[in-house]
Amino acid sequence: MDKKSFKVWKRPIPDSHLYEYRVLGSYNDVTPRQFFNVQLDTEYRKTWDALVIKLEVVDRDVSTGSEVVHWATHFPYPMYSRDYVYVRRYDVDPENNLMVLVSRAVQHPRVPETQEFVRVHSYESKMVIRPHKSFDENGFDYLLTYSDDPQTAFPRYCVNWMVSSGMPDFLEKLHSATLRAKNLEVGIFDYASVIKSSDANRQSSQERLGGEKSHKGGSGQIYA
C-alpha cells in the first residue's frame, strides 16, 4: 500500500496463516516528541480511539521503565472483542537521534483471562522514530513493525479491510491526536523528559504538558 504519508508492506510468517506488517511513514507538521508522547499516553488514547474498551497500565518496574499494559479493543463485526496484556519499553537516544518503543505480549497475574474477551497471546510491535532535525522541531520518519495472532483464521475480506481501511484509519487518528496535542488542546505526559530524569524521579517528574483539560493518573501507549 502506498499512501501520501506512509507505505505498508506485509510478508507471510513461516508455518502460519499470519502476516507481519511494516509501515514506513513521515510527518512534517508535528514534532517527534509529540508523536512519541501521544502513543504512550493511555488516558489520552481513550479519548481519540473509539475502538478502545479498556486501556490501563497494571504494573511497572521503576528501575527499568518497563510497563505492563492491559488493552481491550473492538474487532470488526461479527468477531468478538480482543484483549492484550503486553509489556512495553521505550527510550530516547539523543546520541543517535532516535526514539524507540517496543511491546510484546506477556502473562500477568493481575490480568487473568476472562470470557469477556478473546485473549491475544502472540503480539509484537516495534517503532523507531528518527527526527529530521531535533526531537522538538517539526518533521520525522518512523518505521513500525507489527504482528499478532488474533486467535482466528481471518477471511480474506477481513485481512483486506484491516490493511486497506483499518490501518490507514488508525494512523490518521493518531496523526490528528498528535496535532491536537501540538496545539495544546489537550495535556499529555512528557515521557521523553521522564526518561531523561533519574530513576528516583521517574514517576514524580511525570507532569502534563499544557492544556486546561489535563487529566490525572495513568501512564501510558500504540499501536498497537
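Keep in mind the model is a prediction, meaning the values are calculated, not measured. Below, each value reflects all heavy atoms present in this structure, side chains not excepted, and no hydrogens, waters or symmetry copies.
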Novice: Would a distance-only check, ignoring hydrogens and angles, find a side-chain to backbone donor-acceptor pair under 3.5 Å from Arg110 to Val58?
Specialist: yes
Novice: Pair Asp141, His132 - check side-chain hydrogen bond (donor to acceptor under 3.5 Å, both in side chains), show working.
Specialist: CA-CA 7 Å; Asp141 302 319; His132 292 165; 3.0 Å; yes
Novice: So do Met127 and Tyr142 actually touch side chain to side chain, heavy atoms under 4.5 Å?
Specialist: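 Yes - at least one pair of side-chain heavy atoms lies under 4.5 Å apart.
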Novice: Test your reading of the model: is there a side-chain donor-acceptor pair from Arg104 to the backbone of Lys126, 3.5 Å cut-off?
Specialist: no
Novice: Under a 4.0 Å N-O cut-off, is there an ion pair linking Arg119 with Glu113?
Specialist: no
Novice: Which residues satisfy the salt bridge (charged side-chain N to carboxylate O under 4.0 Å, His left out) test with Glu116, sequence neighbours excluded?
Specialist: Lys54
Novice: Aromatic ring centroids of Phe117 and Tyr80 under 6.0 Å?
Specialist: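 No.
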Novice: Could you tell me whether a side-chain N or O of Tyr44 sits under 3.5 Å from a main-chain N or O of Ala177, the two making a donor and an acceptor?
Specialist: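 Between the backbone of Ala177 and the side chain of Tyr44 there is a qualifying donor-acceptor contact (under 3.5 Å).
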Novice: What I want to check is whether the side chains of Ser66 and Asp61 have a donor and an acceptor closer together than 3.5 Å.
Specialist: no
Novice: How would you list, by chain and number, every residue that makes a ring pair (Phe, Tyr, Trp, His ring centres under 6.0 Å) with His70, sequence neighbours excluded?
Specialist: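 In terms of ring pair (Phe, Tyr, Trp, His ring centres under 6.0 Å), with neighbours along the sequence ignored, His70 is linked to no residue.
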Novice: Can you confirm whether or not the ring centre of Tyr123 sits under 6.0 Å from the ring centre of Tyr86?
Specialist: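 Yes, the ring centres sit under 6.0 Å apart.
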Novice: One pair to check against salt bridge (charged side-chain N to carboxylate O under 4.0 Å, His left out): Asp169 and Lys173. What are the steps and the verdict?
Specialist: CA-CA 6 Å; Asp169 180 62; Lys173 289 189 295 185; 3.7 Å; yes
Novice: Does the side-chain hydrogen bond (donor to acceptor under 3.5 Å, both in side chains) test come out yes or no for Arg22 and Thr145, once each step is laid out?
Specialist: CA-CA 4 Å; Arg22 177 161 290 180; Thr145 304; 3.2 Å; yes
Novice: With sequence neighbours left out, what residues match Asp2 under side-chain contact (heavy atoms from CB on, under 4.5 Å)?
Specialist: Lys7
